[in-house]
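Have a look at the structure below before the remarks.
For clarity, every value in this text was computed on a predicted model and none was experimentally measured.
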Amino acid sequence: MANLVLKDVQKIYPNGFHAVHDFNLEIKDKEFIIFVGPSGCAKSTTLRMIAGLESISGGEFYIDGVLMNNIEPKDRDIAMVFQNYALYPHMTVYDNMAFSLKLRKVPKDEIDKKVREAAAILDLDQLLERKPSQLSGGQRQRVAMGRAIVRNPKVFLMDEPLSNLDAKLRVQMRVEISKIHQKLGATIIYVTHDQTEAMTLGTRIVVMKSGYIQQVDTPKNLYNKPCNLFVAGFIGSPQMNFFDAVCHVAGDKVTLQIGKSVFPVPADKAAALKAYDGKTVVLGIRPEDVSEATADDIAHGQTISAEVKFYELLGAEVYLYFDLEGTRMTCRTPSSTELQIGDIAKFALDMNKIHVFDKETELTITN
């Protein structure tokens, strides 16, 4: 497969719009890299520069040590899977998958072997004589992937390939794509705005915002150790709770005050906060780390009293929503909870799981 290196890659359009800024990334052979971020963050633009469909305004892009900036798309040995499938409606599944090989004048017996091997991987064996109009959305997407697989390219690029599918099919196709990656040992770069797709598929994730890389890391590290407020809020569903807290330092003891409630900061996190005495910081905590207070929590006075404003049942768990000092909070709790809308309840924060951010720079102080 392939190693890819992007060094200070830029994209500036003729009208002066700077879409991609100082993009630096090394992608190792057989990695499954995800570009994720909100709409308009330039993740698809970056993918298209890798494919050669967009010119690179500045910086360098290499595949296996060879500079690709001015190499034509057809000569980059890259296969791209689009969200709209781009299948030929008048051709059978077999012919759609074989088309690029026929253009290259690959011998017929070799084409047949490659198409049938790809069809077996994608469970398309029984559909080879059908036309695209006779297929479901998931089947069409598998055909589009099959067309890429038969070429045996160095790199697979996937631009939001599941966005046209319904929720159930998206889950099924995530599993299929993961299987394909394992079977082929391919280098895959995958663009999505869906952070659930990113977390379940990627070996590493590139989080982008406004054309800048925010953080590159494993799904686990992005979730547990976000580098700034944006990444913390973007990764995770429901998103992390954020609220302002005043930091108080007294010797080795550090507390965070939210309204009238005062919470002691664990020793392993306290050291990083000593320079913030008297300052307001942003405290972040994930919904699963907010819980109904136990008798022990209440005895230690580390609780918040609040009215349950909304209640969402999601089968095995419930999301409870309440307000804390004017900020909406989410608590993820087992469906066995007896709390309902309108109840006044005491909630506890697991201070060992907090994330604290500088209010001005939005950078992480401690995770």
Ignoring hydrogens and angles, tell me if any N or O in the side chain of Glu31 forms a donor-acceptor pair with the backbone of Lys28 under 3.5 Å. yes

Between Lys220 and Tyr223, is NZ or CZ placed under 6.0 angstrom from the six-membered ring centre and within 45° of the ring axis? no

Would Leu127 and Leu135 count as a side chain to side chain contact (heavy atoms under 4.5 Å, CB included) here? Give the steps. CA-CA 8 Å; Leu127 305 176; Leu135 304 177; 4.2 Å; yes

Is a side-chain donor or acceptor of Thr337 paired with a backbone partner of Leu339 at a separation under 3.5 angstrom? yes

Considering the options Asn3, Val206, Ile189, which one meets the side-chain contact (heavy atoms from CB on, under 4.5 Å) requirement together with Ile27? Ile189

Drop me the distance from Met80's CE to Arg147's CZ, to the nearest 0.5 angstrom. 12.0 Å

If hydrophobic clusters are built by linking Ile, Leu, Val, Met, Phe, Trp and Tyr wherever their side-chain heavy atoms come under 4.5 Å apart, do Tyr62 and Leu47 end up in the same one? no

Measuring only between side-chain heavy atoms, which start at C-beta, is Pro287 closer than 4.5 Å to Asn241? yes

For Asp29 and Ala2, indicate whether the former's side chain and the latter's backbone hold a donor-acceptor pair under 3.5 Å. yes

Is there a side-chain contact between Glu197 and Leu162 (heavy atoms, below 4.5 Å)? yes

Is there a side-chain contact between Phe242 and Thr327 in this structure, where contact means two heavy atoms from C-beta onward sitting under 4.5 Å apart? no

A quick test of your reading: do over 12 heavy atoms of other residues, nucleotides or ligands sit less than 6.0 Å from NZ of Lys274? yes

Within 6.0 Å of CG in Asn70, more than 12 heavy atoms from elsewhere: no

Any carboxylate oxygen within less than 4.0 angstrom of a Lys/Arg side-chain nitrogen, looking at Glu72 and Arg76? no

With heavy-atom distances below 4.5 Å as the criterion, would you say the side chains of Lys154 and Ile63 are in contact? yes

Modelled atom types, side-chain donor and acceptor of Gln10 and Asp22, under 3.5 Å: yes

Enclosure of Asp268 CG (heavy-atom neighbours >12, cutoff 6.0 Å): yes

Do any N or O atoms from the side chain of Asn224 and from the backbone of Asn221 form a donor-acceptor pair under 3.5 angstrom? no

The test is ring-ring contact (aromatic ring centres under 6.0 Å, His included); show your working for Tyr190 and Phe35 and say whether it passes. CA-CA 6 Å; Tyr190 186 108; Phe35 292 172; over 10 Å; no

Pairs flagged by salt bridge (Lys or Arg N to Asp or Glu O under 4.0 Å) wherever residues 38-59 is involved - sequence neighbours left out: Lys11-Glu54, Arg48-Glu54

Quick one: do Val9 and Val66 end up in the same hydrophobic cluster if we chain Ile, Leu, Val, Met, Phe, Trp and Tyr together by side-chain heavy atoms under 4.5 Å apart? yes

May I ask you to test the Met173-Gln141 pair for a side-chain heavy-atom distance under 4.5 Å? yes

Show the nearest heavy-atom pair for residues Ala245 and Leu283, with the distance to one decimal. CB-CB, 4.2 Å

At what distance, to the nearest 0.5 angstrom, does CG of Asp343 lie from CD of Glu338? 9.5 Å

Please determine which of Lys359, His355, Glu360 meets the side-chain contact (heavy atoms from CB on, under 4.5 Å) test together with Phe357. His355

Interatomic distance, CZ@Phe322 vs SG@Cys331, rounded to 0.5 Å, equals 6.5 Å

Would you find a donor on one side and an acceptor on the other, under 3.5 Å apart, between the side chain of His18 and the backbone of Gly211? no

Assess whether a salt bridge exists between Arg332 and Asp289, defined as any Lys/Arg side-chain N lying under 4.0 Å from an Asp/Glu carboxylate O. no

Would you say Thr255's side chain and Pro264's backbone share a donor-acceptor pair under 3.5 angstrom? no

NZ of Lys74: more than 12 outside heavy atoms within 6.0 angstrom? no

Parallel under 30°, tilted from 30 to 60°, perpendicular over 60°: which one fits the rings of Phe310 and Tyr321? perpendicular

With a 4.5 Å heavy-atom cut-off, do Val308 and Gln340 have their side chains touching? no

Any idea which heavy atoms bring Leu101 and Ile111 closest together, and the distance? CB-CG1, 3.7 Å

Nearest atoms (heavy-atom pairs only) where Ser57 meets Ile12: OG-N, 2.8 Å

Taking the six-membered ring for Trp, are the ring centroids of Phe23 and Phe61 within less than 6.0 Å of each other? no

Assigning hydrophobic clusters by single linkage (Ile, Leu, Val, Met, Phe, Trp, Tyr; side-chain heavy-atom cutoff under 4.5 Å), is Ile56 placed with Ile71? yes

Looking only at heavy atoms, the pair that brings Asn96 and Met91 closest together is ND2-O, 3.3 Å

Do Met208 and Thr46 touch side chain to side chain, with heavy atoms closer than 4.5 Å? yes

Same cluster (ILVMFWY, side-chain, under 4.5 Å), Val175 and Phe156: no

Knowing that exactly one of Lys209, Gln214, Glu362 qualifies, which makes a side chain to side chain donor-acceptor pair (under 3.5 Å) with Asn228? Gln214

Asp112/Lys108 ion pair, N-O < 4.0 Å: no

Sorted by chain and number, sequence neighbours left out, salt bridge (charged side-chain N to carboxylate O under 4.0 Å, His left out) with Arg170 holds for none

Do the side chains of Phe263 and Thr303 get nearer than 4.5 Å, heavy atoms only? no

Step by step, work out the salt bridge (charged side-chain N to carboxylate O under 4.0 Å, His left out) result for Asp77 and Arg151. CA-CA 9 Å; Asp77 201 8; Arg151 289 179 51 195; 5.0 Å; no

Shared ILVMFWY cluster between Val282 and Ile285, side chains joined below 4.5 angstrom? no

Check the side chains of Asp159 and Ser44 for a donor-acceptor pair under 3.5 angstrom, ignoring hydrogens and angles. yes

Between the side chains of Arg174 and Thr200, does any donor sit under 3.5 Å from an acceptor? yes

Please work out which of the three classes, parallel, tilted or perpendicular, describes the rings of His90 and Tyr88, given edges at 30° and 60°. perpendicular

